[in-house]
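Each remark here refers to the structure printed beneath this line.
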Amino acid sequence: MSTAIDIQNLRVAYEREVEILRGVSLHGAANAITAIIGPNGAGKSTLLKGIAGVAPVTGGEIWLDGTRIDRRSTVDLVGFGVSFVPQESSIFGQMTVAENLRIGGWYRRRDRNWLEERIRYCGEMFESVRPHLARRAGELSGGQQKLVEIARGLVSEPRILLLDEPTAGLSPIMVREVYRELARLKDARAVTVLLVEQNVREALAIADHVYVLAMGVNDTDGPAAAIEAGLNDIVRGWMAHKGSGVVS
């Protein structure tokens with residue numbers, strides 16, 4: 001697989017004296033799912049926010065499909081094909097599912113034929129969403145609402161989809177539903193995905209490659225199967241505040 005996103009020595013600091021990321025590097029294959037795991041406070045969500053332009057990058061470089069993007073505004077990044085689905089709910093509950101999806105294509109709203117086709121395609125992508133396009137989004141379950149957000153993030157035909165803890169706060173049943181549908185997204189191989197997740201085993205089940213972060217730096221990485229095989233050592237390292245316990 002070719003590399004779609006290349007992150008080199010990325011540094012992010014919300015305040016000048018407080019760096020959250022202290023030199024993270026990552027390579028994400030095109031049309032694959034790259035998962036990012038680690039203990040709380042490792043900088044996983046901050047990494048996605050830095051890529052999306054909503055957290056201040058203070059050093060390093062981000063390249064997407066051969067173009068450097070870390071100096072672009074958030075608006076420019078959306079136009080270039082960066083789609084960010086945050087952990088916090090961003091659903092518009094009083095609007096229908098279809099209306100929520102329409103917002104995902106706002107920057108190309110004048111291209112009506114294209115937008116209607118994208119709404120149809122993305123609305124039908126997930127079985128849990130497909131029957132509910134005319135319903136108010138607020139009437140759906142938490143898992144279904146998250147899938148609507150993900151489908152909305154795909155409407156713009158992004159180069160990269162950034163998913164920040166898509167199952168945070170969901171019940172185990174809803175977690176399984178979301179990951180069952182994300183497996184369809186993986187099978188489609190239609191978009192490059194960076195996935196941050198605390199439900200580690202579910203993420204490993206659909207990821208191609210996994211990066212482990214600890215205290216704002218790279219810890220280890222490898223194919224999902226290799227990370228899963230060493231997961232017990234990795235978690236013990238987190239509990240002891242010693243990183244993963246695995247040498248990459």
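No chain of hydrophobic side-chain contacts below 4.5 Å, direct or via other Ile, Leu, Val, Met, Phe, Trp or Tyr residues, connects Val217 to Val12. No chain of hydrophobic side-chain contacts below 4.5 Å, direct or via other Ile, Leu, Val, Met, Phe, Trp or Tyr residues, connects Val196 to Val191. Follow the hydrophobic side-chain contacts under 4.5 Å out from Leu77 and you never reach Leu154; the two are in separate clusters. A continuous path of hydrophobic side-chain contacts links Val85 to Leu182 [ILVMFWY only; heavy atoms under 4.5 Å]. The hydrophobic clustering, which links ILVMFWY residues whose side-chain heavy atoms are closer than 4.5 Å, places Val148 and Met95 apart.
Listed here is the closest heavy atom pair of Gly93 and Arg136: O-CB, 3.6 Å. Closest heavy-atom contact between Pro56 and Ala13: CG-O, 3.1 Å. When all heavy atoms are compared, the tightest approach of Leu115 to Gly105 is CD1-CA, 3.7 Å. The two atoms that bring Leu213 and Pro39 nearest to each other are O-CD, 3.5 Å, heavy atoms only. Contact between Val155 and Leu101 at its shortest, heavy atoms only, is CG2-O, 3.5 Å. Of all heavy-atom pairs spanning Ala207 and Ala224, the tightest one is O-CB, 3.3 Å.
In this structure, Thr192 contributes its side chain and Asn31 its backbone to a donor-acceptor pair below 3.5 Å. The main-chain N or O of Glu181 is never found under 3.5 Å from a side-chain atom of Lys186 such that the two would form a donor-acceptor pair. Under the 3.5 Å distance criterion, the side-chain polar atoms of Ser83 are matched with a main-chain donor or acceptor of Gly153. Checking side-chain atoms of Asn100 against main-chain N and O of Phe92 turns up a donor-acceptor pair under 3.5 Å. Judged purely by atom type and a 3.5 angstrom limit, Asn218 uses its side chain to pair as donor or acceptor with the backbone of Ser25. Not one N or O on the side chain of Glu228 forms a donor-acceptor pair closer than 3.5 Å with the backbone of Ala225.
For residues 165-178, the pairs satisfying side-chain hydrogen bond (donor to acceptor under 3.5 Å, both in side chains) are Ser128-Glu177, Thr167-Glu197, Thr167-Asn199, with sequence neighbours left out.
Residues Phe84 and Lys49 are in side-chain contact: their nearest non-hydrogen atoms beyond the backbone lie under 4.5 Å apart. Counting only heavy atoms from C-beta outward, the side chains of Leu47 and Leu26 approach each other to under 4.5 Å. Side-chain atoms of Ile91 and Glu149, non-hydrogen and from C-beta on, do get closer than 4.5 Å to each other. With a 4.5 Å cut-off on side-chain heavy atoms, Arg135 and Leu140 count as touching. Taking the side chain as every heavy atom from C-beta outward, Val82 and Leu162 approach each other to under 4.5 Å. Two residues are said to be in side-chain contact when any heavy atoms from C-beta on lie closer than 4.5 Å; Glu127 and Arg184 meet this criterion. Under the 4.5 Å side-chain criterion, counting only non-hydrogen atoms from C-beta, Arg102 is in contact with Glu116. Counting only heavy atoms from C-beta outward, the side chains of Ile119 and Trp114 never approach each other to under 4.5 Å.
Rounding to the nearest 0.5 angstrom, the gap separating the CD atom in Glu139 from the CD atom in Gln94 is 8.5 Å. The CD1 atom of Ile37 lies 10.0 Å from the CZ atom of Arg201; values are rounded to the nearest 0.5 Å. Within the model, atoms CG of Leu231 and CZ of Arg236 stand 10.0 Å from one another, a figure rounded to the nearest 0.5 Å. Distance check, rounded to the nearest 0.5 Å: CG of Leu48 to CG of Leu163 gives 8.0 Å. To the nearest 0.5 Å, the span separating CG on Leu195 from CD1 on Ile36 amounts to 8.0 Å. With values rounded to the nearest 0.5 angstrom, Tyr211 atom OH is found 8.5 Å from Ile7 atom CD1.
Of the charged side-chain nitrogens involved, none lies within less than 4.0 Å of a carboxylate oxygen, so that Glu19 and Arg22 do not count as a salt-bridged pair. Using a cutoff of 4.0 Å between basic side-chain nitrogens and carboxylate oxygens, Arg120 and Glu124 are scored as salt-bridged.
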In residues 57-67, what donor-acceptor pairs under 3.5 Å come from side-chain atoms, sequence neighbours left out?
unit_1, atom_1, unit_2, atom_2, d
Thr58, OG1, Arg11, O, 3.3
Glu61, OE1, Trp63, NE1, 2.8
Glu61, OE2, Arg68, NH1, 3.4
Asp65, OD2, Arg159, NH1, 3.2

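Take Trp106 and apply the side-chain contact (heavy atoms from CB on, under 4.5 Å) test, not counting sequence neighbours, and it matches Arg109.
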>> Please determine whether side chain to side chain contact (heavy atoms under 4.5 Å, CB included) holds for the pair Leu185 and Ile33, giving the CA-CA distance in whole Å, both sets of side-chain angles, and the decisive distance to 0.1 Å.
In response: CA-CA 9 Å; Leu185 182 59; Ile33 296 180; 5.6 Å; no

>> Please determine whether side chain to side chain contact (heavy atoms under 4.5 Å, CB included) holds for the pair Met125 and Arg130, giving the CA-CA distance in whole Å, both sets of side-chain angles, and the decisive distance to 0.1 Å.
In response: CA-CA 7 Å; Met125 179 176 293; Arg130 192 182 305 155; over 6 Å; no

> Between Val193 and Thr34, does a side chain to side chain contact (heavy atoms under 4.5 Å, CB included) hold up when you go through it step by step?
Replying inline: CA-CA 6 Å; Val193 177; Thr34 299; over 6 Å; no

> Could you go step by step and tell me if Arg189 and Asp208 meet the side chain to side chain contact (heavy atoms under 4.5 Å, CB included) rule?
Replying inline: CA-CA 11 Å; Arg189 296 289 182 184; Asp208 296 285; 2.9 Å; yes

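In Asn113, the CG atom is not crowded: 12 or fewer heavy atoms of neighbouring residues, nucleotides or ligands sit closer than 6.0 Å. Crowding of Tyr121 atom OH: a count of heavy atoms from other residues, nucleotides or ligands under 6.0 Å not exceeding 12.
In summary, the side chains of Arg152 and Ser90 do present a donor paired with an acceptor at a separation below 3.5 Å, with no hydrogens or angles considered.
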